[in-house]
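Read the structure below first, then the notes.
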Amino acid sequence: MTIALRIFALFCLAVLPLLSAKAQDGSTAYNFLNVTSSAKIYGLGGVNISLVDDDISTIDQNPSLLGSEMSNMIALNYMRYVGGSNFAGLRYGHSAGERGAWAASIQYFGYGSMTETLPDGSSVGTFSPKDVAFSGTYSHDITDRLRGGIAVKAIYSGYADYSAFALATDLGINYYDSERDLSLSAVVANLGGQVKRFNESYDRLPIDVRLGWSQSFGSFPIRFSITAWNLTKWKLPYMDNGDGTTESEPVMKDKFMSNLFRHLVFGADLISSQNFYIALGYNYKTRTDMSTYSRSFISGFSLGAGIKVKNFGINLAFSQPHTGATTFMFNLQYNLNELIR
């Protein structure tokens, strides 16, 4: 076993004890941290920690995906999310010496206008809840094939007259063999907690352990990816409401295969050209979370595509988790090196 693979294995063993940590439940907050800012990742199912690419937007999934090859790259992202929400952000990266790189970003999560009411139910106007996340990322090449990274996030939340502040950290490692186009990754996401609470109650961050694999085979122009996430909790049961009729009783789904596939996200992207790609993803958890009679046939699937011309690129992604919830996302990316010359 090479030194790089030994270090990767040691990292995985170090984070595996977190699998037995206290299971997460509906009391976790800050789940917007799990929404990617990359249209390419969104097209691949929404979660992918092992995609080695020249797209700086992908580093929100794994800080070790950042590299000096992304130096002077800037990316803008926008997403029309469910419930009329609008998300947007900006990210910039730069090399740091011969083996390192850093990046900074800001992400805004707006949830539209909501009615503000008093405890007695009377309306006193409207408010626009929002979350803002500032992040700084650093990565370093440990060997020619192994790279580690860390991201620190400062998170502000403002809901009507209430506000909160939290700090979170992502730790990631990636092993990449360019000869076989093999990528293996491990990430511990959202370690941290609240510094300032909304009130007396404490909201926990969605701490998670994730493992990922991406690889293409020979001259076959498709790269496959599998990402395992929500690994701090094995059981992820859901209610199946059948066809939605009054005679149909909800059924709890909690069998082994159901739990297994709710932990996995599958993706495939066409890589026959460096200037164009098509991506397809399937997220079984998204599909089962929307297990009502009104979900669509394509619920759980996502589709993405992108094109790059010289130093400019645009990526698009589409998903319809529910018949009443169509989501759309795009990235604009530009390499500033041409302007600096």
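Computed over heavy atoms, backbone and side chain alike; hydrogens, waters and symmetry mates excluded. Counting begins at 1 with the first residue of the sequence.
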Do the charged groups of Arg223 and Asp269 touch, with an N to O distance under 4.0 Å? yes

Got a salt bridge between Asp203 and Arg197, using NZ or NE/NH1/NH2 to carboxylate O under 4.0 Å? no

Distance col, row Lys153:NZ vs Ser105:OG, nearest 0.5 angstrom, shows 9.0 Å

Could you walk me through whether Gln274 and Asp54 pass side chain to side chain contact (heavy atoms under 4.5 Å, CB included), step by step? CA-CA 10 Å; Gln274 294 183 348; Asp54 60 354; over 6 Å; no

Joint cluster assignment, Leu184 & Val52, ILVMFWY side-chain distance < 4.5 Å: no

For the residue pair Asp254 and Tyr238, confirm or rule out a side-chain donor-acceptor distance under 3.5 Å. no

Taken to the nearest 0.5 Å, the spacing of Lys255 NZ from Lys253 NZ works out to 6.5 Å

Smallest separation among heavy atoms of Asn62 and Gly172, with atom names: OD1-CA, 3.4 Å

Would you give the length of the straight line joining atom NE2 of His263 to atom CG of Leu211, rounded to the nearest 0.5 angstrom? 11.5 Å

Using a 3.5 Å distance criterion without hydrogens, assess whether the side chain of Asn283 forms a donor-acceptor pair with backbone atoms of Thr286. yes

Is the number of heavy atoms from other residues, nucleotides or ligands within 6.0 Å of NZ (Lys196) greater than 12? yes

Could you give the distance from CG (Leu76) to CG (Asn331), rounded to the nearest 0.5 Å? 8.0 Å

Taking the ring of Tyr175 and the ring of Trp213, is the distance between their centroids below 6.0 Å? no

Would a hydrophobic clustering, with Ile, Leu, Val, Met, Phe, Trp and Tyr connected at side-chain separations under 4.5 Å, put Leu205 with Val195? no

Heavy-atom distance under 4.5 Å between the side chains of Asn315 and Tyr277, does that happen here? yes

In Å and rounded to the nearest 0.5 Å, what is the CD to CE distance from Gln333 to Met70? 8.0 Å

Just wondering, do Tyr282 and Arg287 contact through their side chains at under 4.5 Å, heavy atoms? yes

Step-by-step side chain to side chain contact (heavy atoms under 4.5 Å, CB included) determination, Val132 to Ile106: CA-CA 7 Å; Val132 183; Ile106 179 173; 4.0 Å; yes

Looking only at the side chains, is there a donor atom on one of Ser57 and Asn77 sitting less than 3.5 Å from an acceptor on the other? no

According to a 4.5 Å side-chain heavy-atom criterion applied to Ile, Leu, Val, Met, Phe, Trp and Tyr, with indirect links allowed, do Phe312 and Met73 form part of one hydrophobic cluster? no

Please tell me if the side chains of Leu191 and Leu171 come closer than 4.5 Å, counting only heavy atoms from C-beta onward. yes

Less than 6.0 Å separating the ring centroids of Tyr108 and Phe87? no

If you look at every heavy atom in Leu90 and Gln107, which pair is closest and at what distance? N-NE2, 4.0 Å

Within-4.5 Å side-chain heavy-atom neighbours: Asp60 and Arg91: yes

Side chains of Asp131 and Tyr30 only: does a donor on one sit below 3.5 Å from an acceptor on the other? no

Do Asn337 and Asn311 get their side chains close enough for a donor-acceptor pair, meaning under 3.5 Å? no

Kindly state whether the ring of Phe328 and the ring of Phe318 have centres lying under 6.0 angstrom apart. no

Mark yes or no for whether Asn275, through its side chain, and Ile307, through its backbone, hold a donor-acceptor pair below 3.5 Å. no

Do you know the tightest heavy-atom contact between Gly43 and Ala317? N-CB, 3.9 Å

Would you check if the side chain of Ser319 reaches a backbone N or O of Phe301 as a donor-acceptor pair within less than 3.5 Å? yes

Stepwise, does the side chain to side chain contact (heavy atoms under 4.5 Å, CB included) test hold for Ile226 with Gln215? CA-CA 9 Å; Ile226 300 177; Gln215 188 175 9; over 6 Å; no

Under 4.5 Å between any side-chain heavy atoms of Tyr156 and Ser163, yes or no? yes

Looking at Val47 and Val265, what are the two nearest heavy atoms and their distance? O-CG1, 3.7 Å

Around Phe224, counting heavy atoms of other residues, nucleotides and ligands shown, do more than 12 lie under 6.0 Å from its CZ? yes

Backbone of His140 reached by a side-chain donor or acceptor of Arg147 within 3.5 Å: no

What are the two closest non-hydrogen atoms of Leu280 and Ser302, and how far apart are they? CD1-O, 3.3 Å

Say whether Phe276 and Ile41 are linked into one hydrophobic cluster, either directly or through other cluster members, by side-chain heavy-atom distances under 4.5 angstrom. no

If the plane angle is over 60° it's perpendicular, under 30° parallel, otherwise tilted; pick one for Tyr284 and Phe261. perpendicular

Show, in sequence, the C-alpha distance, side-chain angles and deciding distance for Asn48 and Ser225, and conclude whether the side chain to side chain donor-acceptor pair (under 3.5 Å) test is met. CA-CA 7 Å; Asn48 188 311; Ser225 297; 3.2 Å; yes

Side-chain contact test, heavy atoms from C-beta onward, threshold under 4.5 Å: evaluate it for Ile271 versus Asp181 and give yes or no. yes

Residues Asp208, Asn190; criterion side chain to side chain donor-acceptor pair (under 3.5 Å); working and verdict: CA-CA 7 Å; Asp208 194 13; Asn190 304 319; over 6 Å; no

Test item: Tyr42 and Thr327 side chains (from C-beta on) under 4.5 Å apart, heavy atoms: yes

Atom CD1 in Ile59, atom CD1 in Ile49: separation rounded to 0.5 Å? 14.5 Å

Does any non-hydrogen side-chain atom of Lys40 lie less than 4.5 Å from one of Leu51? yes

Is there a chain of hydrophobic side chains (I, L, V, M, F, W, Y, each step under 4.5 Å between heavy atoms) that links Phe165 to Phe134? no

Which of Ser214, Ser185, Ser64 passes side-chain hydrogen bond (donor to acceptor under 3.5 Å, both in side chains) with Ser50? Answer is Ser214

Determine whether Ile74 and Leu336 satisfy the following criterion, side chain to side chain contact (heavy atoms under 4.5 Å, CB included), listing intermediate values before the conclusion. CA-CA 7 Å; Ile74 188 170; Leu336 299 175; 4.1 Å; yes

Going by atom types alone, do Arg80 and Asn86 pair a side-chain donor with an acceptor below 3.5 Å? yes

Test Tyr162 against Phe198 for ring-ring contact (aromatic ring centres under 6.0 Å, His included), laying out the working first. CA-CA 6 Å; Tyr162 300 91; Phe198 284 113; 7.2 Å; no

Does any donor atom in the side chain of Thr288 or Arg262 lie under 3.5 Å from an acceptor atom in the other side chain? yes

Tightest non-hydrogen contact, residues Gln320 and Thr326, listed as NE2-OG1, 3.2 Å

Just by distance, no angles: are the side chains of Arg145 and Tyr176 close enough, under 3.5 Å, to form a donor-acceptor pair? no

